[in-house]
Amino acid sequence: MKKTGKILAEKLLQVGAVKLQPENPFVWGTGWNSPIYNENPRLLSYPDLRNQIKIELSKLIIENFPDADVVASVSTNAIPIGAIAADALGLPFLFVRSKPKDHGLENLIEGNLKFGQKVVLVDDLISTGSSSVKATGELRMAGGEVLGLVALFDYQFPIASKRLRDNNITLFSLVDYATMLNVALETDYIREKDVETLKEWRQDPANWIPGNAD
């Protein structure tokens, strides 16, 4: 029987929530050239996949953070998956904005966080880790005890691992980059010669320059 990560990786590729294009790279909002692009909101259009992710995220939280009082998510793409996981667990839900609202109460944390509550943070993907670190900091300043972080997808960037470690954040993910590459190769989504390119990019994505296609 396939492991959960491999099953989900295959489904994310099938529905186009993850795209791999080593010979025709994308450009991220950071300006980085990238042979991979995540469009995780796309999975919300597939009820069976959405339900599976809800179940697996919930299991990940129960197994690793059984004392959680609250589920929180990073804004914006993580909000739907955080909300459905919280609903499955019967826990309160809130989310952390990237910046305060410019009107009304000017909230940064949307929801009711009580001092001392134990929080699990949900993100849809971990790239540099900066958004998760920022959200964790806001939750801690507001009096929450952040138990850790769960994510749908982890790029496994060295910079993110260091950043999370430096901020005492424990991460568990459903799918990681290495698993995605293995599944993409096994299903003929990519070719053997693409694997080395994809591995090189992950080591230094900010400075990676696409090579010429053969």
Side-chain angles (χ1 to χ4, degrees), residues 2-54 56-57 60 73-82 84 98 122-133 149-164 171-214:
K2 293 182 180 179
K3 292 183 179 179
T4 298
K6 293 187 69 173
I7 294 170
L8 288 176
E10 188 170 349
K11 290 184 177 181
L12 291 174
L13 288 170
Q14 287 173 349
V15 304
V18 174
K19 295 180 173 68
L20 294 166
Q21 295 182 185
E23 294 182 355
N24 184 26
F26 304 94
V27 178
W28 283 7
T30 57
W32 295 358
N33 293 300
S34 173
I36 181 172
Y37 188 76
N38 287 69
E39 194 179 354
N40 288 331
R42 189 178 182 89
L43 64 86
L44 299 171
S45 296
Y46 298 85
D48 289 345
L49 177 55
R50 187 180 66 220
N51 191 55
Q52 185 175 6
I53 287 170
K54 174 180 70 175
E56 296 301 338
L57 271 178
L60 203 61
S73 75
V74 178
S75 185
T76 300
N77 288 344
I79 291 175
I81 62 173
I84 60 177
S98 57
V122 176
D123 208 341
D124 68 315
L125 63 87
I126 306 298
S127 53
T128 65
S130 58
S131 60
S132 297
V133 168
L149 170 67
V150 298
L152 171 58
F153 186 84
D154 176 18
Y155 278 106
Q156 298 178 299
F157 289 153
I159 187 175
S161 298
K162 183 179 186 303
R163 186 167 280 157
L164 295 176
L171 167 67
F172 294 93
S173 63
L174 291 178
V175 183
D176 59 37
Y177 189 71
T179 300
M180 182 62 69
L181 293 196
N182 289 337
V183 169
L185 184 61
E186 290 172 3
T187 57
D188 296 322
Y189 191 101
I190 58 173
R191 296 164 294 177
E192 186 73 48
K193 71 171 190 172
D194 297 324
V195 175
E196 202 56 42
T197 298
L198 288 156
K199 287 181 177 179
E200 288 176 1
W201 170 79
R202 189 187 67 83
Q203 291 302 316
D204 189 12
N207 297 304
W208 182 72
I209 299 174
N212 294 322
D214 290 345

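These numbers come from a predicted model, not from an experiment.
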For this session: Starting at CG of Leu125, measure out to CG of Asp176 and round the result to the nearest 0.5 Å.
Result: 13.0 Å
Exercise. For the residue pair Gly82 and Ser73, what are the closest heavy atoms and their distance?
Worked result: CA-CB, 4.4 Å
Problem set entry | Residue pair Ser131 / Asp123, side-chain heavy-atom distance below 4.5 Å | yes
For this session: Could you grab the distance from atom CD of Glu192 to atom CG of Leu185, nearest 0.5 Å is fine?
Result: 5.0 Å
Problem set entry | Pro158 and Arg202, any side-chain heavy atoms less than 4.5 Å apart | yes
Problem set entry | Results of ring pair (Phe, Tyr, Trp, His ring centres under 6.0 Å) for Tyr155 - residues two or more places apart only | Trp28, Phe153, Phe157, Trp201
For this session: Taking ring pair (Phe, Tyr, Trp, His ring centres under 6.0 Å) as the test, write out the residues that go with Phe26, two or more places apart.
Result: Tyr37
Exercise. Leu152 versus Leu57: any side-chain heavy-atom pair under 4.5 Å?
Worked result: no
Exercise. Side chain of Lys162, backbone of Ile159: donor and acceptor closer than 3.5 Å?
Worked result: no
Exercise. Does the side chain of Asn33 come within less than 4.5 Å of Ile209's, by heavy atoms?
Worked result: no
For this session: Would you give the length of the straight line joining atom CG of Leu44 to atom CD1 of Ile84, rounded to the nearest 0.5 angstrom?
Result: 7.0 Å
Problem set entry | Minimal non-hydrogen separation, Pro22 against Pro25, with atom names | O-CG, 3.8 Å
For this session: Measure the spacing between CD of Glu39 and CG of Asn77 and express it to the nearest 0.5 Å.
Result: 9.5 Å
Exercise. Minimum heavy-atom separation for Asn24 to Gln21, with atom names?
Worked result: O-NE2, 2.8 Å
Exercise. Within the side chain of Thr179, is there an N or O that forms a donor-acceptor pair under 3.5 Å with the backbone of Val175?
Worked result: no
Seminar exercise, completed: d(Gln14 CD, Leu8 CG) to nearest 0.5 Å is 11.0 Å
Problem set entry | Ile81, Leu60, Leu149 screened by side-chain contact (heavy atoms from CB on, under 4.5 Å) with Val122, the one that passes | Ile81
Problem set entry | Glu186: side chain to side chain donor-acceptor pair (under 3.5 Å) partners, not counting sequence neighbours | Lys6
For this session: Considering non-hydrogen atoms only, spot the tightest contact between Trp32 and Thr128 and give its length.
Result: CH2-CG2, 3.6 Å
Exercise. Asp124: what forms a salt bridge (charged side-chain N to carboxylate O under 4.0 Å, His left out) with it, not counting sequence neighbours?
Worked result: none
Exercise. Which residues satisfy the salt bridge (charged side-chain N to carboxylate O under 4.0 Å, His left out) test with Lys199, sequence neighbours excluded?
Worked result: none
For this session: For the pair Asp194 (side chain) and Arg191 (backbone), establish whether a donor and an acceptor sit closer than 3.5 Å, ignoring hydrogens and angles.
Result: yes
For this session: Measure from the side-chain N and O atoms of Glu56 to the backbone N and O of Thr4, and report whether any donor-acceptor pair falls under 3.5 Å.
Result: no
Exercise. Does Glu200 have any salt bridge (charged side-chain N to carboxylate O under 4.0 Å, His left out) partners at least two apart in sequence or in another chain, and if so, which?
Worked result: none
Exercise. Got Ile7 and Lys11 here, is their nearest side-chain heavy-atom distance under 4.5 Å?
Worked result: yes
For this session: Taking the side chain as every heavy atom from C-beta outward, state whether Met180 and Leu12 have any atom pair closer than 4.5 Å.
Result: yes
Seminar exercise, completed: When every non-hydrogen atom of Pro80 is compared with those of Thr76, the smallest separation belongs to CD-O, 3.7 Å
Problem set entry | Spacing of Asn40 atom CG and Ile53 atom CD1 [to the nearest 0.5 Å] | 7.5 Å
For this session: Return the minimal non-hydrogen interatomic distance between Ala178 and Gln156, and the atom names on each side.
Result: N-OE1, 2.9 Å
